[in-house]
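Model, not experiment: these values are computed from the prediction.
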Amino acid sequence: MSALVKKYGRRQDAVITDCFVVMPEGMTDDEGNRRYCKIENAAWDTGATNTVIAPEVVQALGLTPSGKQALSTFGGIVDSNTYLIDLCFENGYRIANLPVLSGEDYSDYDVLIGMDVITKGDFCVSTVNDETIFSFRMPAQGITIE
């Protein structure tokens, strides 16, 4: 599989990509289908420990909570429901049964991709000639920088 790559054409202040949030394997709706949402504004957030999905995504997929966890936000610590999802990307990468958080609507993005995903691969953001390029590849290939 090739790396997930996005060229923005200008300098960016955020890394935003598309992704798919899918019901986890083994879970279906009443008609036997695995529902999914195509997300066009997933932000890669190195300041987030966990991946977070918007309440609208939870509702659209009909997800049921798998537990609760404390979530630290700008407004303080809040209890957040946890869910299991499959997180998929257009290049074929799939992270199955990923535990994610959701709660109050505190973000401009439908998905915040946190370090729980970023540390599964090689994450690179580069800006050359005022053009930002993002790439992510799984599994990490362990490049050593001297």
Side-chain angles (χ1 to χ4, degrees), residues 1-28 33-58 60-75 77-146:
M1 250 178 259
S2 62
L4 177 65
V5 176
K6 181 148 185 186
K7 297 179 182 181
Y8 293 94
R10 59 185 167 84
R11 182 178 298 271
Q12 291 295 115
D13 60 0
V15 174
I16 309 299
T17 65
D18 294 348
C19 70
F20 296 88
V21 177
V22 184
M23 287 177 146
E25 199 159 322
M27 183 180 177
T28 60
N33 299 313
R34 285 180 70 199
R35 289 187 193 168
Y36 70 91
C37 291
K38 181 174 182 183
I39 306 297
E40 296 178 348
N41 66 341
W44 294 72
D45 187 351
T46 59
T49 304
N50 300 91
T51 296
V52 179
I53 60 175
E56 294 81 12
V57 175
V58 171
L61 296 180
L63 298 176
T64 56
S66 58
K68 284 212 176 274
Q69 183 175 328
L71 176 62
S72 180
T73 69
F74 289 116
I77 297 176
V78 297
D79 278 336
S80 172
N81 286 325
T82 59
Y83 300 90
L84 287 177
I85 64 164
D86 284 3
L87 184 63
C88 305
F89 300 95
E90 291 179 335
N91 68 338
Y93 288 161
R94 174 177 164 247
I95 301 169
N97 295 311
L98 178 68
V100 298
L101 304 174
S102 186
E104 296 296 318
D105 196 8
Y106 43 76
S107 173
D108 294 333
Y109 305 102
D110 291 328
V111 174
L112 289 177
I113 299 171
M115 292 301 290
D116 56 336
V117 170
I118 293 169
T119 57
K120 293 183 183 303
D122 289 328
F123 175 84
C124 180
V125 178
S126 179
T127 302
V128 177
N129 298 327
D130 238 19
E131 177 183 12
T132 300
I133 300 171
F134 158 76
S135 69
F136 180 72
R137 104 182 133 196
M138 286 185 347
Q141 294 191 359
I143 297 172
T144 302
I145 299 173
E146 297 180 19

Report summary line: Residues passing the side-chain hydrogen bond (donor to acceptor under 3.5 Å, both in side chains) test with Ser66, sequence neighbours excluded, are Thr82
**Report entry** Separation between CG of Asn50 and CG of Asp116, rounded to the nearest 0.5 Å
**Finding:** 5.0 Å
Query raised in the report: So does Phe20 have more than 12 non-hydrogen atoms from other groups sitting under 6.0 Å from CZ?
Result: yes
**Report entry** Under the side-chain contact (heavy atoms from CB on, under 4.5 Å) test, residues paired with Thr49 that sit two or more places apart
**Finding:** none
Report summary line: Here the pair of heavy atoms bringing Asn41 nearest to Asp108 is ND2-O, 3.4 Å
Report task. State which residues pass side-chain hydrogen bond (donor to acceptor under 3.5 Å, both in side chains) with Asp130; sequence neighbours excluded, sorted by chain then number. Result -> Arg11
Requested in this report: Please list, chain by chain and in numerical order, all residues satisfying side-chain contact (heavy atoms from CB on, under 4.5 Å) with Asn129, sequence neighbours excluded.
Outcome: none
Query raised in the report: Tell me the salt bridge (charged side-chain N to carboxylate O under 4.0 Å, His left out) pairs involving residues 77-93, sequence neighbours left out?
Result: Arg34-Asp86, Lys38-Glu90, Asp86-Arg94
Side-chain donor-acceptor distances from residues 12-19 under 3.5 Å, at least two apart:
residue, atom, partner, partner atom, Å
Gln12, OE1, Arg10, NH1, 3.3
Thr17, OG1, Trp44, NE1, 2.8

Query raised in the report: Under the side-chain hydrogen bond (donor to acceptor under 3.5 Å, both in side chains) test, which residues partner Thr28, sequence neighbours left out?
Result: none
Query - Crowding at NZ, Lys6 (>12 non-hydrogen neighbours, <6.0 Å) - result: yes
Report summary line: CE (Met27) and CG (Leu61) are apart, to the nearest 0.5 Å, by 8.0 Å
Query raised in the report: Which distance, rounded to the nearest 0.5 Å, do you find between the CD1 of Ile118 and the CE of Met138?
Result: 12.5 Å
Report summary line: Applying side-chain contact (heavy atoms from CB on, under 4.5 Å) to Asn81 and not counting sequence neighbours gives Pro65, Lys68, Tyr83
Query - salt bridge (charged side-chain N to carboxylate O under 4.0 Å, His left out): pairs with one or both residues in residues 45-54, sequence neighbours excluded - result: none
Report summary line: Closest non-hydrogen atoms of Val125 and Phe134, given as atom of the first, atom of the second and distance, are CG2-CD1, 4.2 Å
**Report entry** Heavy-atom pair with the smallest gap, counting every atom of Ala60 and Cys37
**Finding:** CB-SG, 3.7 Å
Query - Between CD1 on residue Ile113 and OG1 on residue Thr46, distance to nearest 0.5 Å - result: 12.0 Å
Report summary line: Taken to the nearest 0.5 Å, the spacing of Leu84 CG from Asn97 CG works out to 5.5 Å
Report task. Please name the pair of heavy atoms, one in Tyr36 and one in Val22, separated by the smallest distance, quoted to 0.1 Å. Result -> CB-CG2, 3.8 Å
Report task. State the OG-CZ distance between Ser2 and Arg137, to the nearest 0.5 angstrom. Result -> 11.5 Å
Query - Leu63 side chain reached by Pro24 side chain, heavy atoms, under 4.5 Å - result: yes
Query raised in the report: Would you call the rings of Phe89 and Tyr93 parallel, tilted or perpendicular, where under 30° means parallel and over 60° means perpendicular?
Result: perpendicular
Query raised in the report: Can you name the residues that form a side-chain hydrogen bond (donor to acceptor under 3.5 Å, both in side chains) with Thr127, not counting sequence neighbours?
Result: Thr132
Report summary line: Here the pair of heavy atoms bringing Gly114 nearest to Thr51 is N-OG1, 3.2 Å
